[in-house]
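Note that the structure is predicted; figures quoted are calculated from it, not measured. Chain letters run A, B, ... following the sequence lines, proteins first and then strands; every chain starts at 1.
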Amino acid sequence: MTDGIAPDRLAKLQTLRSEGQDPFPPRVPRGQPIGDLLPDFDQRIGQTVTVAGRLGVVRDFGKLRFAHVTDRTGALQVGFQRDRLPEFWPGRKLVEGNDLVSITGELGTTQKGEPTIWATSVVLAAKALRPAPEKWHGLTDTEQRYRARYVDLFANPEVRQSFATRSQIVREVRAYFDSLGYLEVETPILQPLFGGAAARPFTTHHNTLDMQLFLRIAPELYLKRLIVGGMERVYEIGRVFRNEGISTRHNPEFTMLESYEAWADYRDVMARVEGLFAHLVDKVRGGDGKVTFRDKDYDLSPPFQKAKYLDLFVEKNPGVDWFDHASVLTRARELHLKTDGIEAAKLANDVFEATVEDTLQGPIFVYDYPVAISPLAKRLPEDPRVTERFELFVAGMELGNAFSELNDPIDQEQRFAEQVTHKDDETPGEVDVDYVTALEYGMPPAGGLGIGIDRLCMLLTGSTSIRDVVLFPLLRRLPANDPNAPPAAEEPPAPTEPS
RNA sequence: GGGGGCGUAGCUCAGUCGGUAGAGCAGCGGCCUUUUAAGCCGGUGGUCGCAGGUUCGAGCCCUGCCGCCCUCACCA
C-alpha cells in the first residue's frame, strides 16, 4: 500500500505530526479563485488575499523561496520571505512541491514584474506523499497517464483543458435540444433484451429476480416507446456498452446521444444535425469550425456534403450490383474480404466499408441505406429496398446515424423475426414483442438520431485517441504484485445501504 | 485475434561491439532575498517489466509470459 511513497516525504509527515501539526486538516482558508485575481492584477496590488491549490517546484534562495500555486482557474507565483513568515520559516522544508496549501498574503510583483502573492501565512492543506512528475516534460508515458489519470490531470494542464471542453460540449448538446423543446430522459441500462444496434452485449444477472440482463448497446427501443407515449421530443445522453475490441476510436463503454422527434423525417433530422454542429461551432469553438484531426484539416461548419449510399457504392465498385449476391461476392473476393459465412447484405456493406468509408473525409451525410442493414428504418416509398436513413462521416469515422423511424408494426415484426432466424451473437435471440406491441398502439412518424459523443469530442478537441476524451479508459488489470495494481483480492467491504 | 514498436531511478531519457548501471529534474546536505526549466558545490537513489536460456560474463543475444502504444480485423 505504501510502495512508491517517497521515504523523505513520509518522514516529513511524521515530523509535522510530532510537532502537533495536522498534515490533513479538515479545513483551511479557501480564499478565492486565482483566475479572478489575474485580469486586473495591477489594481489589486497591495491587497491581502487567500488562495489555495497545489504547490509547484520550489525555487530556493535561502532567505527567499518562490513556487507557483495552481488551482482549477489558474496559477500564481507565491513568494516566501523569511522576514514575513517568522513562524513558518523554521519548518519551511516540511512544505514542498506537490503539497496542497492555502496561502494568505499581499499581492505584489517581483523585479521582473511577475504577479506574486507575498505570503504572510502558509497553511498545509494536505501533504503529498508522492512527488509530482518532472516539471518540464510532465507525465508522458501513455500507460501511466491512463492508469493514473489523477496524476495526468494535475501534471498536464492541456489534459484538464480537454476534459473541460468535453464538459462544455455535453452542456451545449443539452442546450441545443432543450432549446427545441426536447425532454431529456433516462431509460434502462439493464435490459432483459438488447437491441437498437448490432453489437455484442455485456451480460449480467439480477439475483433476486434470478434474471439474465444485458447492459444496453443502445437506448433506441425505449426512447421510441416514449414517442408512442406522446412525449414527442426526447433525448438521452448516456453510457452504452458493447463487448467488442478496443482501439483508438472504440472504448467498450462510451457515451451516446440519441434523440427522437415525432412528426419529423430524416430530412428534418439532417437539419437538426447541422443545427447542432452550428451551435457547437459557435459555442465551443467560438465560431471557428476548422479543426485539425490526424494531420488533416476539416471544417465542421454546416452545411455538409451529401451523397447517396448506393451512388458512392457504384462509384467505387463499378458494375457491381449491391443487391446481387453473386456480383457482390466476386467483388468481395477481389478485395480479399472474408466471405465465408457472411450474410449477403452484410457482405455488400463490407464491400461498401472497404471501398468507400475510408475515403469519406467529410463532414458528409451518406443517405438512403439498403433496408437489409437498416432493420429499424422506414423504407423509401419509391424504392422499398432502401430506407430513409443517413450516417454522418468525418475523417473516415462514423459519427452519427439517423433515420425516419419504422413505425409499421407488421414490417417491424417481420424484420425482427428475420434477425432471429439469422441470429448471431450480435442480434437478440427473440423478437422484442413489447416493442412491436408499442408500435401497434401507433407511433407518429418520427425522426431519430444517434451521435457518438466521444468521437464528437475527439474531433472538437483534436484528440487522436478516444482514450484522450474518456477520463478512465478500460485497461487490463495489472498483476497483484505490481505497486500500481489494486490491492490483492481481499474480502470486499460489506455492502452499505444507501442513506 | 494478426502484424509492428516500446518497457532502464519517483519523472523525462541515454546506455556503443556482450565487459563495474548513467544524465537531467524531483528528493537530501551546503551557499544565496527577485527566481520562474533559477544557479553553484556535495552526496542519495536501480527487481534494467517478469521468468527461463546461451555465455567466463547479459540492460544488450535467444525463448516464453505480462503490460502499453500504433495498425489491421469488428464496431459508433
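- Looking only at side-chain heavy atoms (C-beta outward), A:E398 and A:R249 stay at 4.5 Å or farther from each other.
- Counting only heavy atoms from C-beta on, A:E244 has its side chain closest to B:C74 among B:U71, B:C74, B:G29.
- Checking the phosphate oxygens (OP1, OP2) of B:C13, a side-chain nitrogen or oxygen of A:T140 falls inside 4.0 Å.
- Contact of A:E134 with B:G24 (side chain to base): a donor-acceptor pair of N or O atoms is detected under 3.5 Å.
- Regarding A:H68, its NE2 atom lies at a distance of 11 Å from the P atom of B:U36, rounded to whole Å.
- Taking atom C1' in both B:G59 and B:G18, the straight-line distance is 10 Å, to the nearest Å.
- Remark: B:G1 base-pairs with B:C72; criterion is Watson-Crick or G-U wobble with both hydrogen-bond distances under 3.5 Å.
- Rounded to an integer number of Å, the gap from A:L475 CG to B:C68 P is 6 Å.
- Taking atom P in both B:G15 and B:G49, one finds a spacing of 15 Å when rounded to whole Å.
- Residue A:K93 has its side chain nearest to B:G30 when only B:U71, B:U33, B:G30 are considered.
- Base pairing annotation: B:U35 forms no Watson-Crick or G-U wobble pair, as no partner gives both donor-acceptor distances under 3.5 Å.
- The side chain of A:T142 lies closest to B:C68 when the candidates are B:C68, B:A38, B:G29.
- In terms of phosphate contacts, A:R59 brings no side-chain nitrogen or oxygen within less than 4.0 Å of OP1 or OP2 of B:U35.
- If A:I466 and A:R294 are placed on RNA chain B by their nearest nucleotide, the residue sitting closer to the 5' end is A:R294.
- Annotation: A:F403 is not in aromatic contact with A:Y369 [ring centroid separation under 6.0 Å not met].
- When each of B:U34, B:A26, B:C28 is scored by its nearest atom to the side-chain atoms of A:K135, the top-ranked nucleotide is B:A26.
- Comparing B:U33, B:C28, B:A73 by their nearest atom to the side chain of A:S247 picks out B:A73.
- Taking the six-membered ring where tryptophan is involved, the planes of A:F80 and A:F88 are essentially parallel, since the angle between them stays under 30° and well short of 60°.
- A:K12 has a side-chain polar atom (N or O) that falls below the 4.0 Å cut-off from OP1 or OP2 of B:C28.
- Note on A:R249: every side-chain N or O is 4.0 Å or more away from OP1 and OP2 of B:A73.
- Distance A:F154 CZ to B:A26 P: 16 Å, rounded to the nearest Å.
- Side chain of A:F61, nearest nucleotide from B:U12, B:C70, B:A38: B:A38.
- Rounded to a whole Å, the CD atom of A:Q144 is 11 Å from the P atom of B:G10.
- With both ends at atom C1', the span from B:C61 to B:C48 equals 15 Å, rounded to whole Å.
- Each of B:C68, B:C70, B:U34 was ranked by its minimum atom distance to the side chain of A:R467; first place goes to B:C70.
- B:G7: Watson-Crick or G-U partner is B:C66, with both key distances under 3.5 Å.
- Base-pair partner of B:G18: not found among the strands shown (Watson-Crick or G-U wobble, both distances under 3.5 Å).
- OP1 or OP2 of B:U36 lies within a sub-4.0 Å distance of a side-chain N or O belonging to A:K112.
- Between B:C25 and B:G39, the two P atoms lie 6 Å apart (nearest whole Å).
- Under 3.5 Å, the side chain of A:T110 and the base of B:U35 form at least one donor-acceptor pair of N or O atoms.
- Nucleotide B:G24 holds its C1' atom 13 Å from the CH2 atom of A:W136, rounded to whole Å.
- Closest to the A:L64 side chain, of the nucleotides B:U33, B:A37, B:A26, is B:U33.
- A donor-acceptor contact under 3.5 Å is formed by the side chain of A:Q77 with the base of B:U35.
- A:F304 pairs with exactly one of A:F365, A:Y367, A:F393 by the ring pair (Phe, Tyr, Trp, His ring centres under 6.0 Å) rule, that one being A:F365.
- At least one side-chain nitrogen or oxygen of A:T248 sits closer than 4.0 Å to the OP1 or OP2 atom of B:U71.
- Aromatic ring orientation, A:F194 versus A:F214: perpendicular (interplanar angle above 60°, classes split at 30° and 60°).
- Taking atom P on both B:U55 and B:C41, the two are 47 Å apart, rounded to the nearest angstrom.
- In terms of phosphate contacts, A:R147 brings a side-chain nitrogen or oxygen within less than 4.0 Å of OP1 or OP2 of B:C68.
- Going from the C1' atom of B:G10 to that of B:G46 covers 12 Å, rounded to whole Å.
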